[in-house]
Chemist: 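The structure under discussion is supplied below as structure tokens; questions concerning it will follow.
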2 protein chains.
Amino acid sequence: MKDRRTGNNQYLKEMNKSIVLDLIRTNKDMSRKFLADRTGLSATATGAIVKTLLNDEYIQEIGEGVSSGGRKPVILRLKPRSYYSVGFDIDERYIYTVVLDITGEVVYRKKLETPKRLTADETIETLYQAYFQAVNELVIRDDRILGVGVSIPGMMDIETKRIILAPNLGWSDVDLLNPLEEALDTTVYLDNEAMCSASCENWIGLCRNVEDFICINIESGIGAGMFVRGKIYRGFTGSAGEVGHISVDDKGLVCKCGNVGCLETIASINGMVAKAMRGSTSIQNEINVEKAFEELLQKARRGDSRSLEIFQEAAESLGKAIANLINTFNPQKIVLGKKFPDYADLVLETIRKTAQRLALSYPSRHVEIVSSPFGEDSSALGAAIIPLRKLFGK
Amino acid sequence: MKDRRTGNNQYLKEMNKSIVLDLIRTNKDMSRKFLADRTGLSATATGAIVKTLLNDEYIQEIGEGVSSGGRKPVILRLKPRSYYSVGFDIDERYIYTVVLDITGEVVYRKKLETPKRLTADETIETLYQAYFQAVNELVIRDDRILGVGVSIPGMMDIETKRIILAPNLGWSDVDLLNPLEEALDTTVYLDNEAMCSASCENWIGLCRNVEDFICINIESGIGAGMFVRGKIYRGFTGSAGEVGHISVDDKGLVCKCGNVGCLETIASINGMVAKAMRGSTSIQNEINVEKAFEELLQKARRGDSRSLEIFQEAAESLGKAIANLINTFNPQKIVLGKKFPDYADLVLETIRKTAQRLALSYPSRHVEIVSSPFGEDSSALGAAIIPLRKLFGK
DNA sequence: GAACTTTTTCAAGTGGTCTTAATAACTTTT
DNA sequence: AAAAGTTATTAAGACCACTTGAAAAAGTTC
């Protein structure tokens with residue numbers, strides 16, 4: 001469908017089709033009648049739309065439901081393994097490939113370690129191979145691929161879709177989308193890692209049917225993806241959600257961003273490790289952050305008070321920042337993800353209590369603060385979900 | 001149009017009509033041809049839509065434009081004084097009535113002082129009289145009234161539209177909408193004061209054609225209305241935008257909300273006056289805040305260093321809070337309104353510099369921080385704009 | 001003034017949804 | 001077991017907004 005502001009019959013059909021399809025996705029036992037009731041469409045129109053969906057194998061008739069005093073309804077479901085969507089998560093140290101089917105089920109996952117940083121060209125080459133390996137292994141027909149989503153740890157220009165800056169990859173002003181689209185011969189969508197995570201929570205995670213929420217990712221830094229009215233919110237230039245730079249401590253460390261006491265300096269993995277190291281005697285130039293954090297976590301679990309204190313401070317800072325977000329944003333949920341689930345048990349209660357204490361009572365009574373069920377996979381999954389979202393009109 | 005998720009021909013027509021109407025509103029010299037080009041509609045469809053709009057007197061043919069080598073285009077404009085919208089701003093001390101015509105021009109304004117606080121019932125009675133006085137004075141036909149918008153200094157339930165709490169009015173759990181709708185026999189819309197201000201900036205102020213922005217109101221407290229993707233953002237429970245409770249000072253005053261160092265305690269009118277009073281010898285139980293602030297401002301303008309310091313501290317705190325908002329929201333503009341324009345010259349540069357210094361460079365390079373052209377009228381105007389928004393499909 | 005452009009309108013046709021009526025399948029009543 | 005009442009689905013024709021293509025109207029250029 002061409003990009004136009006106004007609608008015509010095709011647009012109408014497309015739109016209604018998406019709505020019907022989405023109702024079938026989000027509700028377990030939908031019949032034609034039930035769809036008609038929910039959509040406001042006539043039984044006829046509903047039947048016609050269902051027919052085309054069946055024809056194209058987006059859905060299938062799964063059997064009969066319980067009668068409510070008359071003919072039994074025919075239950076409709078998305079047809080598993082009918083259409084597929086591919087997601088990539090590009091990171092400093094790995095490229096992660098997942099394939100979902102139309103129902104959102106993961107049918108393929110493969111993590112490729114990349115010992116050295118890849119250039120954009122090398123990345124495209126690698127994605128090319130990963131793509132066709134997956135597609136061939138799963139024996140997916142070309143016309144059954146809905147598209148490819150790519151998660152990038154960086155900022156992109158909202159218009160041109162060029163990657164403006166991806167510090168961890170060492171890229172700046174790179175066009176990944178067009179060459180990749182040419183190489184794979186499919187529609188490619190690019191999005192920021194945090195946005196992808198949020199998208200994942202919204203589709204298959206804890207924020208299904210949640211319209212307004214924030215997904216905060218704790219990694220080497222801290223970033224967030226935000227949903228507003230059921231859609232990803234990007235902001236004016238596409239950089240919304242930089243919650244890592246909310247200032248939570250007047251007399252805290254100076255952050256590389258120029259501000260003081262940024263959340264990131266206290267509650268990110270790097271921040272916590274740095275704090276743990278400051279007390280230590282071993283001065284290492286190149287610390288393995290991942291390993292160091294693992295050790296910190298072990299020590300905390302064994303009851304080491306200094307380590308526990310670091311986690312508690314991080315929790316309180318997170319609580320503070322979250323209180324700000326609750327007041328300004330009034331979200332329904334706040335999901336903490338990526339590395340966070342690994343140590344959620346240590347800190348979640350403190351975060352909740354701190355946020356509850358500092359935020360206004362009305363919005364904070366209605367918000368849930370939870371730990372993500374996905375961990376580090378959320379970005380790749382979220383990337384794969386982008387093409388699905390388009391199909392379902394989201 | 002009934003509330004339904006799917007579309008039919010009526011929906012399509014309504015939608016396309018709104019889009020065309022909005023293009024005529026936002027562009028000076030629109031002809032049928034130009035509309036067709038911009039919307040993607042066929043010339044025929046555009047012509048038909050224009051015909052109905054002319055028939056209903058929403059628009060008029062204003063004359064001929066310049067030829068580009070052929071027949072001259074007929075220029076279309078909104079027809080002034082054809083349809084009207086009424087807005088009320090209910091405050092502790094006054095009820096403000098404005099009437100706009102379809103073009104957004106103010107055709108009536110009247111401020112009614114209310115010496116004592118009014119109950120909800122008294123308010124309805126007062127609005128009833130104010131409404132018919134305005135309508136009769138302007139000689140407006142019933143079918144030319146698009147609706148009534150009401151601005152409330154409080155929180156409302158997003159579902160039931162009941163007013164949950166309006167501290168300044170002394171109301172809690174009040175239904176204003178239904179009785180008022182019955183009394184006036186027109187569609188009534190209720191909204192929060194800050195949301196109304198934002199709506200005003202978006203329609204006739206500095207945020208025309210701006211999709212994502214925040215309108216921060218400085219009054220006795222500090223609140224904000226936010227726009228996301230061209231629409232008011234209310235949050236999950238309708239209380240988004242409480243930026244007055246962003247904490248900007250770890251060791252600041254305890255706020256009534258329970259948090260410490262809330263922006264409101266430093267940069268609101270009450271906050272600034274309280275600070276000025278703390279140094280003073282005169283201990284007054286009932287201070288006239290408005291008058292006290294006027295004095296503070298006078299002293300600052302005369303160069304009193306203590307007073308100037310209070311404004312500078314407020315400015316820096318605002319800059320801090322705004323930096324947070326820039327990082328998380330990435331808005332295109334931030335408008336400071338209500339009392340702010342009265343002293344903008346004293347503080348705006350400090351606010352800009354502080355925000356610029358503390359926020360991330362990419363989003364802060366693209367944001368404009370400005371002072372509202374409306375002052376205290378913005379809420380009443382914004383309220384009157386709600387029915388207009390509906391007409392134009394916004 | 002003839003040829004060409006641009007803008008607007010007209011007439012016929014397409015492609016959606018809606019209403020009405022019929023049919024199919026099941027439950028409850030007799 | 002048959003009849004009556006419910007519920008789900010399908011079929012046929014009406015309706016309506018948009019599209020296409022041609023014609024008309026108005027202006028410009030040579």
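Throughout, a chain's letter reflects where its sequence line sits, starting with A, and its residues are numbered from 1.
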Chemist: Starting at CG of B:Leu35 and ending at C1' of C:dT8, how long is that distance when rounded to a whole Å?
Modeler: 13 Å
Chemist: Answer with base, sugar-phosphate or nothing: what part of the nucleic acid does A:Gly47 contact at a heavy-atom distance below 4.0 Å?
Modeler: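 Since no nucleic acid heavy atom lies under 4.0 Å of A:Gly47, the category is nothing.
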Chemist: Rounded to whole angstrom units, what separation is found between the CE atom of B:Met15 and the C1' atom of D:dC16?
Modeler: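 Answer to the nearest Å: 16 Å.
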Chemist: Over how many whole Å does the gap from B:Lys72 atom NZ to C:dT9 atom C1' extend?
Modeler: 20 Å
Chemist: Would you say a side-chain N or O of A:Arg32 is under 4.0 Å from OP1 or OP2 of D:dT9?
Modeler: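 Answer is yes, contact under 4.0 Å.
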Chemist: Quick one: on DNA chain C, does A:Ala48 or A:Arg71 contact a more 5' nucleotide (nearest heavy atom)?
Modeler: A:Ala48
Chemist: Report yes if a side-chain nitrogen or oxygen of A:Asn8 is closer than 4.0 Å to either non-bridging phosphate oxygen (OP1 or OP2) of C:dG15; otherwise report no.
Modeler: no
Chemist: Nearest to the side chain of A:Ser31, heavy atoms from C-beta on, is which of C:dT17, D:dC18, D:dT9?
Modeler: D:dT9
Chemist: Rounded to whole Å, please give me the gap between CD1 in B:Ile49 and P in C:dT9.
Modeler: 13 Å
Chemist: Name the residue from B:Arg389, B:Lys394, B:Lys17 that meets the side chain to side chain donor-acceptor pair (under 3.5 Å) definition with B:Asp22.
Modeler: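 Per the side chain to side chain donor-acceptor pair (under 3.5 Å) rule, the option paired with B:Asp22 is B:Lys394, out of B:Arg389, B:Lys394, B:Lys17.
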Chemist: What is the separation between atom NZ on B:Lys33 and atom P on C:dT5, rounded to the nearest whole Å?
Modeler: 14 Å
Chemist: Under a 3.5 Å distance rule, please check whether B:Asp175 uses its side chain to pair with a backbone N or O of B:Leu177 as donor and acceptor.
Modeler: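 Between the backbone of B:Leu177 and the side chain of B:Asp175 there is a qualifying donor-acceptor contact (under 3.5 Å).
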Chemist: Heavy atoms from C-beta onward define the side chain here; which of C:dT6, C:dT17, D:dT19 lies closest to that of A:Ala45?
Modeler: C:dT17
Chemist: Using a distance-only criterion (donor-acceptor N/O pair, under 3.5 Å, no hydrogens), is the base of C:dT17 paired with the side chain of A:Thr44?
Modeler: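 Checked by distance alone, the answer is no.
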Chemist: Does the structure show a Watson-Crick or G-U wobble partner for C:dG1, both distances under 3.5 Å? Name it, or say none.
Modeler: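 Its partner is D:dC30 (Watson-Crick or G-U wobble, both distances under 3.5 Å).
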Chemist: Can you tell me if A:Ser42 touches the phosphate of C:dC18, counting only side-chain N or O atoms and a distance under 4.0 Å to OP1 or OP2?
Modeler: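 Checking A:Ser42 against C:dC18: at least one side-chain N or O falls below 4.0 Å of OP1 or OP2.
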Chemist: Distance alone, cut at 3.5 Å: any donor-acceptor contact between the side chains of A:Tyr11 and A:Thr6?
Modeler: no
Chemist: I need the OH-P distance between A:Tyr11 and D:dC16, as an integer number of Å.
Modeler: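 In whole Å, D:dC16 P lies 22 Å from A:Tyr11 OH.
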Chemist: Give a yes or no answer on whether the side chain of A:Asp101 reaches the backbone of A:Pro80 with a donor-acceptor pair at less than 3.5 Å.
Modeler: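 Pair absent, no side-chain N/O of A:Asp101 close to backbone of A:Pro80.
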Chemist: In this structure, how many angstroms lie between the P atom of D:dA14 and the CD atom of B:Gln10, rounded?
Modeler: 20 Å
Chemist: Taking atom P of D:dT19 as reference, at what distance in whole Å does atom CG of B:Asn16 sit?
Modeler: 8 Å
Chemist: If you check every side-chain atom of A:Ser67, which of C:dT27, D:dT7, C:dT17 has the closest atom?
Modeler: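 Minimum distance to the A:Ser67 side chain belongs to C:dT27.
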Chemist: Taking the six-membered ring for Trp, are B:Phe329 and A:Phe329 parallel (under 30°), tilted (30 to 60°) or perpendicular (over 60°)?
Modeler: tilted
Chemist: Could you say whether A:Asn9 or A:Glu64 is positioned toward the 5' end of DNA chain C, judged by the nucleotide with the nearest heavy atom to each?
Modeler: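 Taking each residue's closest nucleotide, the earlier one in sequence belongs to A:Asn9.
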